[in-house]
Number of protein chains: 2
Amino acid sequence: MSGAGITIGALSEQTGVNIETVRYYERIGLIPPAHRSAGGRRVFDTDDVQRLSFVRRARQLGFSTDEIRSLLDVAKGARACKDAHALAVKHRDAVRASIRDLRRLERTLTEAADRCSKGASPGCAIVEALSH
Amino acid sequence: MSGAGITIGALSEQTGVNIETVRYYERIGLIPPAHRSAGGRRVFDTDDVQRLSFVRRARQLGFSTDEIRSLLDVAKGARACKDAHALAVKHRDAVRASIRDLRRLERTLTEAADRCSKGASPGCAIVEALSH
DNA sequence: GCTTGCTCCTGTAGCCACTACAGGAGTTAA
DNA sequence: TTAACTCCTGTAGTGGCTACAGGAGCAAGC
């Protein structure tokens, strides 16, 4: 038997989530406490694989663990889809803001680096830029 | 007297760096240990204002504290401008990579949110996207 | 049955760059 | 003198992991 007895190592391989991270997610309640074998080891099933994959993809999209908790609630029907939509839009707006900030940063860094590489100014152009 | 005796509070206001952060920077050696008054309080001067402003601008550009240490070395001539240039370019490339990642993220989030708001699918489009 | 080597367990501490206290002491204006 | 304010040190918390230490379960080979 035990057709669906998945060890934490196998779960980690299947989902791409680090073993320590799996235990961490359990500790903070992002995934439910795993069932245990007679020897006290965690035993997972395919549902656990699904859920952990969900969590991983959400993390890759940059959602915080708290946000993922809400998304999981939506997934299991305990919360309205509207909430997931609001989260996604809010997060997307934050991402857009980050992109704007980083673009400005990139310009500033490029300008400083270009002036420096041209060796025009007497001091260091990057240090100059930071000293104002 | 004490024409240049700046308290930590005044320094914080002039540079926009939090008081606790100033003490933190001193603790990790990003700024040198401040001089002390008879009563044991930190006393800063205009050089300290300059240096802390430098640190702040570098942080705003996303340099790590270790990188800022190197930039400060360049600023005081203990290290070549070439090193600052290398740091700036390396950091700019990291920023560019971040922007690329965030753009992809933004597309994914927008797509999921748009499908959701249209209310076309039976379940939640965002949850669907995360469940694959 | 025993050993070897692998995986797993718990608990704790570290990472980065701060931020937020608690509990006490110096300083300044009324 | 007193009240209000600023500052001091030391410690702990944040998020999202990651990395041990020191021990125990478990499978395969001899």
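Since the structure is predicted, the reported quantities are computational estimates derived from the model, not experimental observations. Chain letters run A, B, ... following the sequence lines, proteins first, then strands; residues in each count from 1.
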Of the candidate nucleotides D:dG16, D:dT18, D:dT6, which contains the atom at the shortest distance from the side chain of B:Arg41? D:dT6
Checking side-chain contact (heavy atoms from CB on, under 4.5 Å) between A:Ile6 and each of A:Asp48, A:Val43, A:Val49, which is the one that passes? A:Val49
Taking D:dT9, D:dC7, D:dT18 as options, the one with an atom nearest any side-chain atom of A:Asn18 is D:dT18
Ignoring the backbone of A:Ser64, work out which of C:dC18, D:dG16, C:dC21 is nearest its side chain. D:dG16
Among C:dT27, D:dT18, C:dC8, which is the nearest nucleotide to the side chain of B:Ser37? C:dT27
Taken to the nearest whole Å, CD/B:Glu13 to C1'/D:dT6 is 12 Å
What's B:Ile28 touching, base or sugar-phosphate or nothing? Going by heavy atoms closer than 4.0 Å. nothing
Any donor-acceptor N/O pair, A:Asp114 side chain to A:Glu111 backbone, under 3.5 Å: no
Over how many whole Å does the gap from A:Arg27 atom CZ to D:dT14 atom P extend? 13 Å
Interatomic distance where CD belongs to A:Glu67 and P belongs to D:dG16 [whole Å]: 9 Å
The side chain of B:Thr7 lies closest to which of these nucleotides: D:dC8, D:dC7, C:dC18? D:dC7
With respect to the side chain of B:Thr65, which nucleotide from C:dC18, D:dT9, C:dC21 is positioned closest? C:dC18
Of the candidate nucleotides D:dC7, C:dA17, D:dT18, which contains the atom at the shortest distance from the side chain of B:Tyr24? C:dA17
Whole angstrom value for the distance that separates C1' of C:dT19 from CD1 of B:Ile19: 13 Å
How long is the span from the CD1 atom in A:Ile126 to the CG atom in B:Leu87, to the nearest 0.5 Å? 8.0 Å
Would you call A:Arg69 and A:Asp66 a salt bridge, taking side-chain N to carboxylate O under 4.0 Å as the test? yes
Using whole Å, report how far CD of B:Gln60 lies from C1' of C:dC18. 15 Å
Counting side-chain heavy atoms from CB outward, which of C:dC8, D:dC7, D:dC20 is closest to B:Arg23? D:dC7
Please classify the nucleic acid contact of B:Arg59 as base, sugar-phosphate, or nothing, using heavy-atom distances under 4.0 Å. sugar-phosphate
Contacts of A:Gly40 and A:Thr21 projected onto DNA chain D by closest heavy atom; the upstream (5') one is A:Thr21
Interatomic distance where CD1 belongs to B:Ile8 and C1' belongs to C:dG26 [whole Å]: 14 Å
Nearest 0.5 Å, please: how far is CZ in A:Arg56 from CD in A:Gln60? 4.0 Å
Please report, rounded to the nearest Å, how far the C1' atom of D:dG16 is from the CZ atom of A:Phe63. 17 Å
Output yes when at least one side-chain N/O atom of B:Arg42 is less than 4.0 Å from OP1 or OP2 of D:dC8, else no. yes
OP1 or OP2 of C:dA17 under 4.0 Å from side-chain N/O of B:Tyr25: no
For atom NE2 of A:His35 and atom P of C:dC8, their distance in whole Å: 18 Å
B:Thr46 and B:Gln50: side-chain donor and acceptor closer than 3.5 Å? no
